[in-house]
Chemist: 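First the structure, which I've put down as structure tokens, then a few questions once you've had a look.
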Amino acid sequence: MQLKRIAETKLPTLFGEFSMIVFEEKKGGKNHIALVYGNIKNRNPVLSRIHSECLSGDAFFSLRCDCGFQLQSALMKIVKAGSGILIYHRQEGRNIGLSNKVRAYALQDLGLDTVEANHYLGFSEDERDFTFCADIFKLLDIKKIRLLTNNPLKVKVLNRNGIKIIERISLIVGKNINNSKYLNAKEKKMGHIFSV
Ligand SMILES: Nc1nc2c(ncn2[C@@H]2O[C@H](COP(=O)(O)OP(=O)(O)OP(=O)(O)O)[C@@H](O)[C@H]2O)c(=O)[nH]1
Ligand SMILES: [Zn+2]
């Protein structure tokens, strides 16, 4: 177990009242968050979303990606379902960090795609480690989930790490003229599924 549960509070939001639970990496001390809605113990498999941190999309309403739209949509779907979990996975920019993501954006403005830009900066296309998310589910005593995602890698890594994905549910929102090239590259090069 790479994480420990360290703090918890009620979090009323525009969409409903969640419990906000903070987890800390035992090595390095980085935080990840779970927003839990309703009674997750009574509902197995639990409707879940793993949202990777995206400051520009989550806080600044960026149209360069679909993150802000997905965050809002996932919270609304969880509330509508009556219970669920959103993990806020603090690995900004597919885990290259904010400054490098901004550099990658600048490279994309020069013609590289999102994968080429990561490679140009010396990173793999996706540096994220979803095993932290598997640990959060385990600490919440959840073993089976329905996962909102278009990314088959998340399904694979969680299944391999003891969390059974009973169903993958597409989360296709926020396509626009600014992110169409980015979303196309994710589909063609990273295997994301944009058909329901
Ligand atoms: N390195 C890099 N990271 C990006 C870029 N655009 C968005 N991100 C980051 O990508 C992460 C979101 O990943 P996505 O690929 O959109 O989606 P996903 O979480 O893999 O898959 P879904 O579950 O289908 O949303 C966030 O951490 C964003 O900060 C980019 O051009 N370069
Ligand atoms: Zn984003």
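Because the structure is predicted, anything quoted here is derived from the model rather than measured.
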Chemist: Restricting to salt bridge (Lys or Arg N to Asp or Glu O under 4.0 Å), what partner residues turn up for Lys80, sequence neighbours left out?
Modeler: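 Counting only residues at least two positions away or on another chain, Lys80 forms no salt bridge (Lys or Arg N to Asp or Glu O under 4.0 Å).
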
Chemist: Is any side-chain heavy atom of Asn31 closer than 4.5 Å to a side-chain heavy atom of Ile6?
Modeler: yes

Chemist: For a quick test of reading the model, state the closest non-hydrogen atom pair linking Ala34 to Ile85 and the distance between them.
Modeler: CB-CG2, 4.4 Å

Chemist: State whether the number of non-hydrogen atoms from other residues, nucleotides or ligands found under 6.0 Å of Ile177 atom CD1 is greater than 12.
Modeler: no

Chemist: Measure the OH-NZ distance between Tyr37 and Lys77 for me, rounded to the nearest 0.5 Å.
Modeler: 15.5 Å

Chemist: CZ of Phe132 to CZ of Phe137: how many Å apart, nearest 0.5 Å?
Modeler: 15.0 Å

Chemist: For a quick test of reading the model, state the closest non-hydrogen atom pair linking Gly29 to Glu24 and the distance between them.
Modeler: O-CG, 3.5 Å

Chemist: Answer yes or no: is there a side-chain heavy-atom contact under 4.5 Å between Leu63 and Phe69?
Modeler: yes

Chemist: Quick one: ring pair (Phe, Tyr, Trp, His ring centres under 6.0 Å) pairs with a partner in residues 76-96, sequence neighbours left out?
Modeler: His32-His89, His51-Tyr88, His89-Phe130

Chemist: Hey, is NZ on Lys138 packed in by over 12 heavy atoms from elsewhere, all under 6.0 Å?
Modeler: yes

Chemist: Do Leu171 and Ser73 make a side-chain contact, defined as non-hydrogen atoms from C-beta onward lying under 4.5 Å apart?
Modeler: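 Counting from C-beta outward, Leu171 and Ser73 do come under 4.5 Å.
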
Chemist: May I ask you to check whether Gln108 and Arg64 show a side-chain donor-acceptor distance below 3.5 Å?
Modeler: no

Chemist: Do Glu53 and Arg90 sit within salt-bridge range, that is, some charged N less than 4.0 Å from a carboxylate O?
Modeler: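 Arg90 and Glu53: salt-bridged.
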
Chemist: Measure the spacing between CD of Gln72 and SG of Cys67 and express it to the nearest 0.5 Å.
Modeler: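 Rounded to the nearest 0.5 Å, the CD-SG separation comes out at 13.5 Å.
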
Chemist: Report yes if some heavy atom in the side chain of Leu86 is under 4.5 Å from a heavy atom in the side chain of Ser48; otherwise report no.
Modeler: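 Side chain of Leu86 against side chain of Ser48, heavy atoms only: no contact under 4.5 Å found.
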
Chemist: Over all heavy atoms of both residues, which pair between Cys65 and Asn179 is shortest? Give the atoms and the distance, please.
Modeler: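 Taking Cys65 first and Asn179 second, the nearest heavy atoms are O-ND2, 3.1 Å.
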
Chemist: To the nearest 0.5 Å, what is the distance between CD1 (Ile145) and CG (Leu140)?
Modeler: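 If we round to the nearest 0.5 Å, Ile145:CD1 and Leu140:CG are 11.0 Å apart.
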
Chemist: May I ask you to list the residues sharing a hydrophobic cluster with Leu55, side-chain cutoff 4.5 Å, ordered by chain and number?
Modeler: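 Members alongside Leu55: Phe60, Leu98, Val102.
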
Chemist: Taking NZ, NE, NH1 and NH2 as the nitrogens, is one of them in Glu125 or Arg94 under 4.0 Å from a carboxylate oxygen of the other?
Modeler: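 The answer is no: the pair does not qualify as a salt bridge.
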
Chemist: Between Met76 and Leu35, is there a shared hydrophobic cluster once you connect ILVMFWY residues whose side-chain heavy atoms come closer than 4.5 Å?
Modeler: yes

Chemist: Would you compute the distance between atom CZ of Phe23 and atom CE of Met1 and round it to the nearest 0.5 angstrom?
Modeler: 9.0 Å

Chemist: Enumerate donor-acceptor pairs with a distance under 3.5 Å from any side-chain N or O in residues 9-19 to protein atoms, sequence neighbours excluded.
Modeler:
unit_1	atom_1	unit_2	atom_2	d
Thr13	OG1	Phe15	N	3.0
Thr13	OG1	Gly16	N	3.1
Thr13	OG1	Gly16	O	2.7

Chemist: Which heavy atom in Lys26 sits nearest to a heavy atom in Leu3, and how many Å separate them?
Modeler: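 Taking Lys26 first and Leu3 second, the nearest heavy atoms are CE-O, 3.5 Å.
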
Chemist: Among residues at least two apart in sequence or on other chains, which ones pass side chain to side chain donor-acceptor pair (under 3.5 Å) with Gln2?
Modeler: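 Counting only residues at least two positions away or on another chain, Gln2 forms a side chain to side chain donor-acceptor pair (under 3.5 Å) with Thr131, Asp135.
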
Chemist: How far apart are the closest heavy atoms of Ala104 and Leu121, and which atoms are they?
Modeler: N-CD1, 3.8 Å

Chemist: Per the side-chain hydrogen bond (donor to acceptor under 3.5 Å, both in side chains) rule, what does the pair list look like for residues 148-159, sequence neighbours excluded?
Modeler: none

Chemist: Please give me the minimum heavy-atom distance between Asn118 and Ser124, naming the atom from each residue.
Modeler: ND2-O, 2.8 Å

Chemist: Under a 4.5 Å cut-off applied to non-hydrogen side-chain atoms, are Ile142 and Ile40 in contact?
Modeler: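 A side-chain contact under 4.5 Å exists here.
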
Chemist: Distance from Arg146 atom CZ to Ile169 atom CD1, nearest 0.5 Å?
Modeler: 4.0 Å

